[in-house]
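In what follows, a single structure is set out as structure tokens and then discussed.
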Amino acid sequence: MSDFPSSTVLCKSPRVTIVGAGRVGSTLAQRIAEKNLADVVLLDIVEGMPQGLALDLLEARGLELHNRQISGTNNYADTANSAIVVITAGFPRKPGMSRDDLLKINAKIVVDAAKNAIAHSPHAIFIVVTNPLDVMTYLTWQATNLPRNQVMGMAGVLDSARFETFIALELGVLPADVKAMVLGSHGDLMVPLARYATVNGIPITELLDAATIERLVQRTRNGGAEIVELMHTGGAFFAPASATSLMVESILLNQSRLLPVAAYLQGEYGLNDIVIGVPCRLGCAGVENILELTLSDEENAALQTSAHSVRQNIQRAQEILSAIGDR
């Protein structure tokens with residue numbers, strides 16, 4: 001047998017850290033590992049929980065035919081040198097609660113998570129999933145002091161997927177044939193763009209009447225709350241994990257996919273110093289660019305209204321953090 005020179009260079013796989021090992025976080029870990037995208041570190045403050053979930057996922061590797069490393073920890077030092085950090089930590093919505101009701105509870109959790117994670121992974125790209133998402137993404141950008149292309153929120157991918165689902169159910173067509181785009185905040189003031197929604201290239205305005213489209217738009221806006229009301233004890237996690245996984249995939253594989261993402265704006269759509277959902281191209285640098293769609297007067301007014309609400313909540317969050325001395 002021939003001898004080969006030993007290498008001093010270790011072969012390293014990309015690492016994705018998920019802060020928060022609840023339903024969204026643990027399902028996302030499963031998605032990333034089983035798609036063979038990266039090694040995964042699950043972090044949570046509850047001792048034993050992320051370790052147990054990681055072991056459970058490890059024991060499924062042979063069955064799912066992948067060899068990704070999955071670990072659980074309560075220590076941010078174990079997340080060092082992550083390519084991507086996903087923040088899902090925070091309290092979930094309960095029946096009757098809006099995403100904005102979570103503002104006071106989750107602001108400090110997210111800021112602490114961002115500061116701890118950036119200390120060990122200073123070059124990471126951050127994806128925020130915690131609600132209220134647009135505000136939490138802004139706070140993460142502020143806490144990490146990263147360039148705006150490296151901080152984003154998962155919102156529009158999920159909201160667009162919900163719009164696509166409702167269109168497919170209404171028409172009885174294959175969901176994969178439906179494409180839609182949802183802008184604005186991740187909440188009741190989101191802006192589903194009906195005229196950009198198509199079924200195999202055919203606009204839904206050719207397939208559905210205005211009243212039906214408006215009903216589907218309203219159901220999309222209420223998509224998260226509908227699940228919360230049905231479940232009583234929690235919110236959505238399968239679809240949010242899939243949406244986040246799609247973003248992780250586009251970044252790690254440098255796919256440059258055009259996706260609706262909560263991004264920091266500097267003049268785009270006439271908005272400054274705010275995070276809100278807009279079409280972005282995602283690649284290895286994070287947000288590679290922001291596409292400015294030509295909006296109708298009605299669509300633009302809806303986006304501006306959505307942005308106004310986000311800006312008010314950002315101000316409230318900053319006041320809350322200032323009061324507790326954490327900015």
Side-chain angles (χ1 to χ4, degrees), residues 99 129 131 133-134 152-227 235-236 238-247 249-250 255-263 265 268-271 275-282 287-307 309-310:
R99 293 180 179 92
V129 183
N131 280 318
L133 186 137
D134 308 274
M152 68 198 75
M154 185 290 298
V157 177
L158 172 61
D159 296 329
S160 297
R162 286 173 171 162
F163 195 20
E164 291 164 359
T165 297
F166 301 145
I167 292 168
L169 289 172
E170 186 71 28
L171 292 170
V173 300
L174 191 69
D177 288 343
V178 183
K179 301 299 177 187
M181 180 67 64
V182 177
L183 308 186
S185 64
H186 184 51
D188 299 339
L189 294 175
M190 67 180 68
V191 187
L193 298 177
R195 66 191 180 93
Y196 282 97
T198 62
V199 180
N200 264 349
I202 300 172
I204 64 168
T205 51
E206 298 290 323
L207 303 170
L208 297 168
D209 58 48
T212 301
I213 291 173
E214 179 59 25
R215 173 167 54 81
L216 299 182
V217 165
Q218 291 303 324
R219 191 177 182 190
T220 300
R221 288 176 173 149
N222 194 49
E226 182 178 357
I227 292 173
F238 288 125
S242 292
T244 310
S245 174
L246 188 69
M247 294 171 65
E249 181 177 8
S250 188
Q255 293 175 333
S256 293
R257 296 192 64 168
L258 186 62
L259 300 170
V261 171
L265 303 188
E268 296 88 357
Y269 294 92
L271 298 169
V275 167
I276 201 164
V278 290
C280 298
R281 196 174 295 278
L282 293 191
V287 177
E288 295 182 337
N289 57 55
I290 295 172
L291 174 65
E292 291 194 69
L293 299 173
T294 301
L295 301 180
S296 67
D297 290 343
E298 183 180 359
E299 291 164 344
N300 184 62
L303 182 62
Q304 299 299 321
T305 298
S306 186
S309 176
V310 172

How far apart are the closest heavy atoms of [X] and [Y], and which atoms are they?
X	Y	result
Q304	Y269	NE2-O, 3.0 Å
T220	M190	O-SD, 3.8 Å
V261	M152	CG1-CB, 3.5 Å
S250	L282	OG-O, 2.8 Å
A197	F163	CB-CE2, 4.3 Å
M154	A243	SD-CB, 3.6 Å

From [atom1] ([X]) to [atom2] ([Y]), nearest 0.5 Å:
X	Y	atom1	atom2	result
L193	M181	CG	CE	7.5 Å
T205	R195	OG1	CZ	10.0 Å
N200	D177	CG	CG	4.0 Å
L169	L216	CG	CG	9.0 Å
I290	L265	CD1	CG	5.0 Å
N289	L258	CG	CG	8.0 Å

Check against side chain to side chain contact (heavy atoms under 4.5 Å, CB included), V129 and M247: CA-CA 11 Å; V129 183; M247 294 171 65; over 6 Å; no
Within 6.0 Å of CG in D209, more than 12 heavy atoms from elsewhere: yes
Side-chain donor or acceptor of S306 paired with backbone N/O of A302 under 3.5 Å: no
Exam field: side chain E292 to backbone E268, donor-acceptor pair closer than 3.5 Å: no
Option among V157, V278, V182 that satisfies the side-chain contact (heavy atoms from CB on, under 4.5 Å) test with P260: V157
Option among L207, I204, T212 that satisfies the side-chain contact (heavy atoms from CB on, under 4.5 Å) test with E170: T212
L183 and E299: CA distance, side-chain angles, deciding distance, side chain to side chain contact (heavy atoms under 4.5 Å, CB included) verdict: CA-CA 10 Å; L183 308 186; E299 291 164 344; over 6 Å; no
Check against side chain to side chain contact (heavy atoms under 4.5 Å, CB included), H186 and D159: CA-CA 8 Å; H186 184 51; D159 296 329; 2.9 Å; yes
S185 and V310, any side-chain heavy atoms less than 4.5 Å apart: yes
Derivation of the side chain to side chain contact (heavy atoms under 4.5 Å, CB included) call for V178 and L171: CA-CA 10 Å; V178 183; L171 292 170; over 6 Å; no
Partner set under side-chain contact (heavy atoms from CB on, under 4.5 Å) for P175, not counting sequence neighbours: A168
